[in-house]
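Some notes on the structure that comes next.
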Amino acid sequence: MSSIHTPRRIASLQPSATVILAEIGELDRIVACTKYCADVVPEITPQPHIVLADSWTANAEQIIKARPDLIIASVPYQEKAVSEILKAGARFLGLAPRTLADIYADIATIAGMVGASDRGEEVIARMERQIKQMRARTAGAPHPRVFCEEWGKPLIASQSWVAELVEAAGGEFLGIPGKQISSEQVAHMDPEVLVAAWCGAGDRVPLEKIVAERNWQGTRAARESRVYCIRDEHLNTPAPTLLHGLEALASAIHPELFASTKGIRRITSVSPSTAANQSL
């Protein structure tokens with residue numbers, strides 16, 4: 001792409017876009033991003049930039065001050081947010097990935113827009129290679145039932161790309177990706193592994209509390225203390241960051257094959273009194 005048409009000043013309203021730009025070596029193009037971007041790309045912090053509202057609460061006045069020639073955001077967002085983004089007047093790229101293939105396409109698109117297609121293809125190839133290697137390592141192992149949630153109230157199963165990662169890590173994903181489900185339905189499926197990765201919660205999901213409040217003490221996962229919190233950005237950021245999530249899932253699903261890794265926390269206990277009641 002000619003440098004005349006290559007955006008030099010990018011406003012990133014989505015952490016995944018910031019991660020992708022960092023991975024292809026184009027982070028210096030970002031002149032504005034959200035506070036959440038620094039959580040997944042800490043190297044953006046010392047770089048001069050304006051802090052913006054995210055894709056759901058976009059503010060035209062903030063964006064205009066940054067003078068971007070490209071805005072990258074993610075859907076679904078509020079109708080008002082779309083209006084604010086459009087009012088800013090810059091080119092607008094909206095991302096809406098559902099699967100790993102969608103994420104690869106987003107990486108290729110962003111890389112192409114900034115004239116770094118080759119580096120984008122290298123990032124995609126690395127992700128595909130590591131996921132393929134994980135599938136090979138878990139191919140002969142049992143596939144325990146795994147429920148993975150991206151939100152707690154209401155209870156929502158994780159997205160399709162997480163389901164793909166769970167399967168690559170040697171598990172059987174329970175529920176319909178991205179859809180609401182009741183705690184009773186989850187209990188009935190009796191997951192062997194429970195994973196909570198709440199959007200915006202980092203690693204602060206209160207595991208003991210949710211098990212007790214949802215009456216999940218009788219599930220095999222709770223009885224065997226196989227209830228985990230995986231950092232939000234490792235599973236909910238559709239970007240190369242997902243490789244950290246894959247490692248964390250593998251250590252949760254097959255601890256006999258994979259050592260514990262960063263970004264994962266295991267439940268410490270199930271209330272003895274409640275667990276006893278469950279066995280009566």
Side-chain angles (χ1 to χ4, degrees), residues 134-135 137-138 140-237 242 244-280:
M134 182 65 73
R135 287 188 187 279
R137 290 190 64 182
T138 60
H143 280 53
R145 299 180 303 278
V146 181
F147 178 71
C148 192
E149 63 184 74
E150 74 165 28
W151 194 242
K153 292 183 180 180
L155 183 55
I156 299 175
S158 293
Q159 295 297 320
S160 294
W161 66 72
V162 178
E164 292 180 74
L165 294 178
V166 166
E167 291 165 4
E172 175 192 347
F173 187 87
L174 297 177
I176 301 174
K179 298 297 183 181
Q180 189 172 335
I181 188 171
S182 70
S183 57
E184 291 79 12
Q185 287 174 302
V186 175
H188 180 72
M189 292 187 288
D190 192 24
E192 297 166 81
V193 180
L194 286 164
V195 175
W198 291 0
C199 291
D203 61 356
R204 301 182 299 278
V205 179
L207 298 176
E208 289 81 2
K209 181 179 179 181
I210 63 174
V211 168
E213 289 182 348
R214 297 170 180 174
N215 294 316
W216 282 355
Q217 300 90 340
T219 63
R220 183 170 174 179
R223 294 197 310 271
E224 298 180 0
S225 296
R226 298 189 67 186
V227 182
Y228 301 86
C229 170
I230 293 179
R231 287 193 65 86
D232 163 41
E233 58 267 29
H234 289 178
L235 287 183
N236 298 328
T237 304
L242 293 176
H244 297 308
L246 177 64
E247 292 176 357
L249 285 169
S251 68
I253 296 169
H254 286 294
E256 76 283 6
L257 297 177
F258 301 94
S260 185
T261 186
K262 64 180 180 180
I264 185 170
R265 175 170 56 83
R266 188 174 184 175
I267 199 169
T268 55
S269 66
V270 176
S271 170
S273 60
T274 311
N277 290 337
Q278 288 290 115
S279 64
L280 295 177

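- Ring orientation note: the planes of H254 and H143 are nearly perpendicular, at an angle over 60° on the 30°/60° scale.
- Counting only distance, with no hydrogens or angles, the side chain of N236 and the backbone of E150 share no donor-acceptor pair below 3.5 Å.
- Of all heavy-atom pairs between T219 and D190, the closest is CA-OD1, 3.3 Å.
- Of the inter-residue distances, the one linking L165 atom CG with I230 atom CD1 reads 9.5 Å to the nearest 0.5 angstrom.
- In plain terms, the two heavy atoms of S251 and S260 that are nearest each other are CB-CA, 3.9 Å.
- Judged purely by atom type and a 3.5 angstrom limit, S160 has no side-chain atom pairing as donor or acceptor with the backbone of G178.
- A donor-acceptor pair under 3.5 Å is absent between the side-chain atoms of R226 and the main chain of R266, judged by distance alone.
- For I176, the CD1 atom is loosely surrounded, since the number of other residues' heavy atoms within 6.0 Å does not exceed 12.
- Annotation: the span from L246 atom CG to E164 atom CD amounts to 11.5 Å, rounded to 0.5 Å.
- Shortest non-hydrogen contact noted between Q217 and R223 is O-CG, 3.6 Å.
- Between the W161 side chain and the L235 main chain, a donor and an acceptor come within less than 3.5 Å of each other.
- Contact record, I267 with L207: N-CD1, 3.7 Å, taken as the closest heavy-atom pair.
- Here the side chains of P177 and V162 are not in contact, with every heavy-atom distance at 4.5 Å or above.
- Here E224 contributes atom CD and L194 contributes atom CG; the two are 11.0 Å apart, rounded to the nearest 0.5 Å.
- If you take NE2 on H244 and CD1 on I264, they are separated by 14.0 Å, rounding to the nearest 0.5 Å.
- Between the side chain of R214 and the main chain of A187, no donor-acceptor pair closer than 3.5 Å is present.
- When atom types are taken as modelled, the side chain of W216 and the backbone of S183 share a donor-acceptor pair closer than 3.5 angstrom.
- Minimum heavy-atom separation, P255 to A252: CD-O, 3.7 Å.
- With contacts defined as side-chain heavy-atom distances shorter than 4.5 Å, the pair M134/F258 qualifies.
- Between the R145 side chain and the L174 main chain, no donor and acceptor come within less than 3.5 Å of each other.
- Taking both residues in full, the closest heavy atoms of C148 and F173 are given as CB-CE1, 4.0 Å, listed atom of the first, atom of the second, then distance.
- Annotation: the span from H234 atom NE2 to K262 atom NZ amounts to 6.0 Å, rounded to 0.5 Å.
- The NZ atom of K179 sits 9.5 Å away from atom CD of Q159, with the distance rounded to the nearest 0.5 Å.
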